[in-house]
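Reviewing the structure listed below.
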Amino acid sequence: MRFRQEVEKLLAQVEAGRVTTFGGLAEALGDARAAVPVFRLLRRNRPPGWHRVVRADGTLAFGEAASRLHEEGVEVRGGALRDFHRILFQDFRTDRPLDALRREQRVLASQVVLKDRFQEPDNVAGFDVSYRGDVAYAAAVGLDWETLEVREEIGLTTSVDFPYISTYLAYREFDPVAGCYARFEGPPALLLVDGNGTLHPNRFGVACHVGLKLDRPTIGVAKSLLMGRLDREILAPGEATPVRANGEVVGHAFRPGTGKPIYVSPGHRISDLTALRFVQHLCRTRIPEPLHLADRAARRIRRYHEG
DNA sequence: GCGACAG
DNA sequence: ATCTTGTCGC
């Protein structure tokens, strides 16, 4: 889905003299958590009708909207709407696109393979994306499995039309990541993605999305916990423990030699324990080497394009 | 003031 | 993720 286009479709339904809220638009998109992304989009792009969007308490988020609203016969006093509840538009016609994506995740999750269907890899690639507004700077670094020497490095710049919304990360990052993947001369044997695999409310984080669509063994590594509970909360350096949700193991927390734990979960065509073992093999520092290098490469590309 | 859910 | 200087610590 194109986020901006979907918001504009909804905004076109709010006639002059009426208003909606950031949360109202988000709910019409299919997920109330999109309220802040909607706010950011309107602040940046000001599509037609932007001035008719206010906060949930009826106050203006954009002061400049006051004069436009006044022209439409809407009374504004001290930054708040006079007859907020009377002019609040609530009858959006919508197919709730974010909810459709959530349902898609549930369907695709059933196709994920959590068994080790591969040989010991001889190389591994890490992927990461850096952003400047809507411009994505993606990088991928391919390493030799044994020596961890860099074999290949890919960089790609593209614009994205999907904001960061928790649990929908793949819809922001898949295209840049897939673009990098397509440019490898020799397809990597194992993929490492910055974010979760099965450690996700729909068991389908970005690493599952990438692994399934590209049909490659894939591991997800996150730097903070999205959901679930650790079997044991306190981890000594080098120690790992399962992360559970509804009683089932969805990944592992692993505390490297230094710093906070990282959260490892299978993306596709790998088991949770093999994913953990492989990540341990790849950890020179807190962040597995392929991801660490991809992160630095993506930032370097962004800074280069900035000037 | 609390809660605050990957990047 | 990004906005951002110096500062603290291994």
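In what follows, every chain begins at residue 1, and chains take the letters A, B, ... in the order their sequences are listed. Only this structure's heavy atoms are used, side chains among them; waters, hydrogens and symmetry mates stay out.
For A/S224, a side-chain nitrogen or oxygen approaches OP1 or OP2 of B/dG7 to under 4.0 Å. At the phosphate of B/dA4, neither OP1 nor OP2 sits under 4.0 Å from any side-chain N or O atom of A/R33. Contact between the side-chain N/O atoms of A/K223 and the OP1/OP2 oxygens of B/dG7 is found at a separation under 4.0 Å. Under 4.0 angstrom from either OP1 or OP2 of B/dG7 there lies no side-chain N or O belonging to A/Y131.
C/dC3 atom P lies 13 Å from atom CZ of A/R40, rounded to whole Å. Going from atom CG of A/L225 over to atom C1' of B/dA6 covers 9 Å, rounded to whole Å. Taking atom CD1 of residue A/I301 and atom P of nucleotide C/dT2, one finds them 12 Å apart after rounding to whole Å. In this structure, A/F162 atom CZ and C/dA1 atom C1' are separated by 15 Å, rounded to whole Å. Remark: P of B/dA6 and NE2 of A/H252 are 21 Å apart, rounded to the nearest angstrom. In this entry the distance linking CG of A/N202 with P of B/dC5 reads 17 Å, nearest Å. Computed from coordinates, the A/Q105 CD to B/dC5 P distance equals 18 Å when rounded to whole Å. Computed from coordinates, the A/R172 CZ to B/dC5 P distance equals 19 Å when rounded to whole Å.
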*Treat a base pair as Watson-Crick or G-U wobble with both distances under 3.5 Å, then lay out DNA chain C in dot-bracket form, 5' to 3', with | for cross-strand pairs.*
..........
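Nucleic acid contact for A/R302: sugar-phosphate only, since backbone atoms but no base atoms lie under 4.0 Å from a heavy atom of the residue. A/Y171 comes within 4.0 angstrom of nothing in the nucleic acid, heavy atoms only. Base engagement by A/N196 is indicated by at least one non-hydrogen atom pair under 4.0 Å involving a base atom.
The distance from atom CG of A/D175 to atom CG of A/L156, rounded to the nearest 0.5 Å, is 10.0 Å. Interatomic distance, CD1 of A/I287 versus CG of A/L282, reported as 12.0 Å (0.5 Å rounding). Distance check: A/H252 NE2 to A/R244 CZ gives 8.5 Å after rounding to the nearest 0.5 Å.
Cluster note: A/V243 groups with A/L199, A/L225, A/L226, A/M227, A/L230, A/V250, A/Y263 through ILVMFWY side-chain heavy atoms spaced under 4.5 Å, whether in direct contact or through intervening members.
Side chains of A/Y168 and A/E173: no donor on one and acceptor on the other come within 3.5 Å. Side-chain atoms of A/S271 and A/D116 form a donor-acceptor pair, as typed in the model, at a separation below 3.5 Å.
Side-chain proximity of A/R132 to C/dC3, B/dA6, C/dT2: nearest is C/dC3. Side-chain proximity of A/A222 to the nucleotides B/dC5, C/dA1, B/dG7 is greatest for B/dG7. Candidate nucleotides B/dG7, C/dT2, B/dC5 were compared by shortest atom distance to the side chain of A/S130, and C/dT2 ranks first.
Between A/H305 and A/Y137, a ring centre-to-centre spacing shorter than 6.0 Å is recorded.
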_Check against side chain to side chain contact (heavy atoms under 4.5 Å, CB included), A/F162 and A/F174_ = CA-CA 11 Å; A/F162 198 99; A/F174 178 76; over 6 Å; no
